[in-house]
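This report concerns only the one structure given below.
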Amino acid sequence: MAEPDYMDGDTDELVKPKKLLNPVKSSRDHQDLQRELLMNQKRGLAPQNKPELQKVMEKRKRDQVLKTQKEEQEAHKKKSDLEIELMKRRETLEQLELEQHKNEEEQENTPEFVKMKSNLRRTKQEVDGQERAT
């Protein structure tokens, strides 16, 4: 690239160009607006003034993602007969465990004299059963 002819050393006499000030950026209103926007962005309060088309496109994309996720879940939900039968058995076992747990809690919550009375009845029945057997 060719050197300009005014670079030879006589640049003291030439007027050097200065960068022009942008009147919009130098205005006080613009600076205040920029400061407010930066503060809101740091806080996570970005303005939500999006164009209508952009909102619609984002909604469509979100709906499409949800639809694909739902389809994948439905594909995983298809179970064989064996899996269905195992699920039924597991549910019945869980119900039995819950019932046993409830019975144990009821026995723990009953007063001591009720427990003793039921134990006495059991022992009496066992004694009566042994006498009849002999």
Side-chain angles (χ1 to χ4, degrees):
M1 187 173 191
E3 292 287 326
D5 53 346
Y6 61 84
M7 290 293 240
D8 295 335
D10 58 343
T11 58
D12 298 337
E13 300 169 1
L14 295 176
V15 177
K16 295 181 181 177
K18 294 182 182 177
K19 188 172 184 178
L20 295 175
L21 295 176
N22 188 346
V24 174
K25 289 188 176 181
S26 63
S27 72
R28 190 73 181 153
D29 292 336
H30 179 75
Q31 291 174 358
D32 291 341
L33 180 63
Q34 281 298 109
R35 191 176 306 113
E36 184 179 345
L37 286 172
L38 286 173
M39 292 294 287
N40 285 342
Q41 185 178 6
K42 286 179 184 176
R43 290 184 193 153
L45 304 172
Q48 298 296 325
N49 299 334
K50 295 181 181 177
E52 188 68 27
L53 180 62
Q54 188 176 1
K55 289 179 185 177
V56 171
M57 294 302 287
E58 287 177 357
K59 186 174 188 266
R60 280 187 183 175
K61 189 173 183 178
R62 230 183 355 257
D63 291 343
Q64 187 178 11
V65 168
L66 289 174
K67 186 177 179 182
T68 56
Q69 288 177 351
K70 188 175 180 181
E71 289 174 356
E72 289 174 2
Q73 288 176 353
E74 288 177 3
H76 290 297
K77 283 184 179 179
K78 294 179 181 177
K79 299 176 183 174
S80 66
D81 294 336
L82 177 63
E83 289 176 339
I84 293 171
E85 190 64 31
L86 289 174
M87 290 289 290
K88 288 179 184 177
R89 287 188 183 185
R90 182 171 41 151
E91 289 175 2
T92 54
L93 288 174
E94 288 175 356
Q95 288 176 353
L96 290 173
E97 287 177 4
L98 284 175
E99 290 175 6
Q100 287 178 349
H101 188 34
K102 287 180 184 178
N103 289 338
E104 290 174 2
E105 287 180 357
E106 288 175 4
Q107 289 177 358
E108 290 175 3
N109 294 337
T110 56
E112 187 67 28
F113 69 90
V114 176
K115 293 178 185 177
M116 293 303 291
K117 187 175 181 182
S118 64
N119 286 343
L120 289 173
R121 284 184 186 161
R122 248 187 266 130
T123 55
K124 184 179 179 185
Q125 289 173 356
E126 290 174 2
V127 169
D128 291 341
Q130 288 176 357
E131 288 177 1
R132 290 184 187 168
T134 56

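Because the structure is predicted, anything quoted here is derived from the model rather than measured.
Taken to the nearest 0.5 Å, the OG atom of S27 stands 11.0 Å off from the NZ atom of K25. Atom CG of L53 sits about 10.0 Å away from atom CD of E58, to the nearest 0.5 Å. Annotation: the span from K124 atom NZ to R121 atom CZ amounts to 9.5 Å, rounded to 0.5 Å. The distance from atom CE of M39 to atom CD of Q41, rounded to the nearest 0.5 Å, is 12.0 Å. Distance check: K117 NZ to L120 CG gives 10.0 Å after rounding to the nearest 0.5 Å.
For residues 83-93, the set of pairs meeting the side chain to side chain donor-acceptor pair (under 3.5 Å) definition, not counting sequence neighbours, is empty.
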Between M57 and K61, is the side chain to side chain contact (heavy atoms under 4.5 Å, CB included) condition met? List the steps. CA-CA 6 Å; M57 294 302 287; K61 189 173 183 178; over 6 Å; no
Between E97 and H101, does the side-chain hydrogen bond (donor to acceptor under 3.5 Å, both in side chains) criterion hold? Intermediate values first, please. CA-CA 6 Å; E97 287 177 4; H101 188 34; over 6 Å; no
Pair L38, R35 - check side chain to side chain contact (heavy atoms under 4.5 Å, CB included), show working. CA-CA 5 Å; L38 286 173; R35 191 176 306 113; 5.9 Å; no
Determine, step by step, whether E94 and L98 satisfy the side chain to side chain contact (heavy atoms under 4.5 Å, CB included) criterion, reporting the C-alpha distance in whole Å, the side-chain angles of both residues, the deciding distance to 0.1 Å, and the verdict. CA-CA 6 Å; E94 288 175 356; L98 284 175; 5.5 Å; no
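Remark: E105 CD is packed, more than 12 non-hydrogen atoms of other residues, nucleotides or ligands lying under 6.0 Å away. No more than 12 heavy atoms of other residues, nucleotides or ligands sit less than 6.0 Å from atom CG of D81.
Annotation: side chain of K55 is not in contact with side chain of K59 (no heavy-atom distance under 4.5 Å). Within the 4.5 Å cutoff, no side-chain heavy atoms of I84 are placed close to those of M87.
Electrostatic pairing of D63 and R60 does not count as a salt bridge here, judged by no charged N lying under 4.0 Å from a carboxylate O.
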